[in-house]
Amino acid sequence: MDINGSVRSYVLSNVAEVVERILSFVPTKSLLRMASVCRLWRNCAQRVLRTQQQMTWLASSGSSRCDGHILLQTLSEELENVYLLPQTALLMVDSENFTSPECCYQQKKARRNNNSEDLDFVELLKQLLPNNCDIVGIATPGIILTPMGSPGAPPEEHEDGEAGFALLLPHIEGVKVRPFHFCKHTLNNRALEHAGLVGNPDLKVVILFGYMAFKSGASRFLNQLLEPLSHTNALIAGGHVEKAFCPHRDCCSAGAYGVVGLTLSGSRVQGASVLLEQEVSSAPAAEAVLQRLKAAHIPEHNTIGLMFACVGRGHNYYSNQRNVEAGAFRKVFPNVPLFGFFGNGEIGCDRIVKENYTLSHTDTDGLQHGYTTVMSLVHLG
């Protein structure tokens with residue numbers, strides 16, 4: 001009789017503390033499969049999931065080994081190894097290498113399986129991510145990302161070439177994240193309220209991206225959204241991008257302008273931002289501005305940095321020096337990962353949003369800029 005085997009079997013079938021400890025080392029996708037073994041394992045898996053309250057990210061750059069964007073390839077390969085159940089995903093990819101209808105990492109596989117069904121980028125994302133995961137995705141001229149593996153890895157500014165990242169946010173107790181997507185047909189007070197942008201005393205952070213901003217009427221449209229936000233106590237950060245590919249709206253015609261983004265509400269959310277003005281054109285000057293962000297004393301655990309820079313900045317702005325602003329951020333915040341883009345205009349201002357106060361208010365005109373960089377910290381509790 002195998003006594004050791006019987007003991008192991010008994011422990012794994014009856015001792016919740018041991019099972020829970022073992023399951024805590026299992027990536028979430030495998031954890032969900034293991035939850036179907038028995039009632040004890042299901043209950044242990046649910047408790048483990050409730051402890052996974054820190055955001056994570058997947059990022060990639062360089063040439064893809066397939067026809068689609070390299071980020072899609074990375075998601076296909078690495079989501080299996082993530083230790084959280086994503087409820088919200090924020091994706092940014094470079095617009096030069098992004099082709100929405102035919103990002104075909106899975107299409108190659110489908111052809112090998114004699115399946116002729118064409119799948120676009122968004123459909124593939126929905127296959128890879130959980131069914132109830134809200135996705136916000138944009139394409140923009142350049143990408144700022146922190147490589148996978150460690151928050152302390154040096155962030156990278158990719159002004160050209162293939163690059164992208166996905167920020168993955170789980171359910172976090174005390175934090176409510178809501179996506180929004182407005183076009184000229186859907187922007188009204190009821191929609192703003194549903195997104196948590198108005199009538200929401202717990203609103204702390206708004207991350208928003210306008211697209212097709214050069215179209216006639218786009219500026220007036222964006223002001224309709226920014227005007228009520230400028231009177232709130234929320235941190236507002238973002239900019240203008242080439243396109244938004246998620247969430248999809250049937251009401252928008254091809255080439256129409258609009259805005260997408262996320263609202264973050266709850267007592268545990270904190271944020272701060274600073275504006276690097278046009279005259280900031282050296283590494284020491286950038287570092288000095290970021291010291292103001294440091295002085296906000298935002299907790300740096302479970303916190304992300306966001307950098308929204310004008311496409312006119314970058315290495316040409318800094319006498320052919322690359323990675324100046326991202327490098328300055330890492331010097332001041334060595335353990336906070338940094339993400340963002342080079343875009344066609346910046347949205348934000350100097351502002352601090354903490355537990356019970358907001359420092360700095362501004363009007364609508366004071367939120368929109370050119371040839372600047374908006375640097376923000378967002379703490380998720």
Side-chain angles (χ1 to χ4, degrees), residues 28 46-57 82-91 129-130 132-136 151 166-182 189-209 225-226 228-238 247 259-273 293 296-306 308 333 336-337 339-340 347-361 367 374-381:
T28 300
Q46 289 173 347
R47 287 194 291 272
V48 170
L49 283 173
R50 284 197 290 268
T51 67
Q52 297 174 344
Q53 304 232 330
Q54 293 189 47
M55 70 89 198
T56 191
W57 73 93
V82 167
Y83 287 79
L84 59 77
L85 185 63
Q87 288 213 337
T88 308
L90 174 60
L91 288 84
L129 293 163
N132 63 345
C133 181
D134 293 316
I135 306 170
V136 173
L167 284 177
L168 305 175
L169 307 180
H171 169 75
I172 301 174
E173 188 176 346
V175 177
K176 186 169 186 177
V177 183
R178 284 187 269 189
F180 59 85
H181 186 180
F182 301 122
N189 285 335
R190 185 176 179 182
L192 290 172
E193 187 172 344
H194 180 73
L197 288 161
V198 298
N200 177 11
D202 295 323
L203 179 65
K204 295 295 178 63
V205 175
V206 180
I207 305 169
L208 75 165
F209 315 109
L225 177 60
L226 291 179
L229 288 178
S230 66
H231 300 299
T232 68
N233 291 330
L235 173 71
I236 303 160
V259 63
V260 300
L262 296 169
T263 60
L264 289 81
S265 307
S267 59
R268 299 181 65 184
V269 180
Q270 297 182 38
S273 63
L293 192 60
H297 298 296
I298 301 296
E300 296 180 21
H301 171 72
N302 207 21
T303 295
I304 56 174
L306 296 172
F308 303 121
F333 301 101
V336 177
F339 306 93
I347 299 172
C349 64
D350 283 24
R351 181 169 287 190
I352 301 172
V353 178
K354 299 197 76 171
E355 298 97 329
N356 53 4
Y357 73 90
T358 297
L359 179 64
S360 178
H361 296 270
L367 287 172
V374 175
M375 285 281 197
S376 302
L377 292 177
V378 177
H379 174 63
L380 299 171

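A quick note: this is a predicted structure, and the numbers were derived from the prediction, not measured. Numbers here are sequence positions counted from 1.
A side-chain donor-acceptor contact under 3.5 Å links S273 to the backbone of C349. Although no hydrogens or angles enter the test, the distance criterion places a donor-acceptor pair under 3.5 Å between the side chain of N302 and the main chain of M55. Using modelled atom types, no side-chain atom of S230 and backbone atom of P228 make a donor-acceptor pair closer than 3.5 Å. Formation of a donor-acceptor pair under 3.5 Å by the T88 side chain with backbone atoms of L169 is not found in this model. With R268 contributing its side chain and H379 its backbone, the two residues share no donor-acceptor pair below 3.5 Å.
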Would you sort out whether L380 and T303 count as a side-chain contact (heavy atoms from CB on, under 4.5 Å), showing the intermediate values?
CA-CA 6 Å; L380 299 171; T303 295; over 6 Å; no
Under the side-chain contact (heavy atoms from CB on, under 4.5 Å) criterion, do H194 and R178 qualify, and how do the steps go?
CA-CA 9 Å; H194 180 73; R178 284 187 269 189; 5.8 Å; no
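For the side-chain contact (heavy atoms from CB on, under 4.5 Å) with I236, the qualifying choice from I347, V374, V205 is I347, the only one to do so. Between L168 and the choices L84, L85, L91, the side-chain contact (heavy atoms from CB on, under 4.5 Å) rule is met once, by L84.
Put simply, CZ on F339 and CG on L167 are 5.0 Å apart, with the number rounded to the nearest 0.5 Å. To the nearest 0.5 Å, the span separating CG on L264 from CD1 on I207 amounts to 5.5 Å. With values rounded to the nearest 0.5 angstrom, L293 atom CG is found 4.0 Å from F333 atom CZ. For the atom pair L197 CG and T232 OG1, the distance stands at 8.5 Å (nearest 0.5 Å). The line from CG of L235 to CG of D350 is 10.5 Å long, rounded to the nearest 0.5 Å. In this structure, H297 NE2 and L377 CG are separated by 12.5 Å, a value rounded to the nearest 0.5 Å.
The two residues A272 and I298 make their nearest non-hydrogen contact at CB-CG1, 3.8 Å. Across all non-hydrogen atoms, the minimal contact from L262 to P179 is CD2-CA, 3.7 Å. Among all heavy-atom pairs drawn from P299 and Q270, the shortest one is CD-OE1, 3.5 Å. Between A89 and L129, the shortest heavy-atom distance links the atoms CB-CD1, 4.0 Å. The minimum heavy-atom distance between A195 and F182, with the atom names listed, is CB-CZ, 4.0 Å. For the residue pair L90 and F209, the shortest heavy atom distance occurs at CD1-CE1, 4.0 Å.
Residues V206 and L229 have side chains in contact (heavy-atom distance under 4.5 Å, counting atoms from C-beta outward). You'll find the side chain of F180 reaches within 4.5 Å of the side chain of T263, heavy atoms only. By the 4.5 Å heavy-atom criterion applied to side chains, P170 and P86 are not counted as neighbours.
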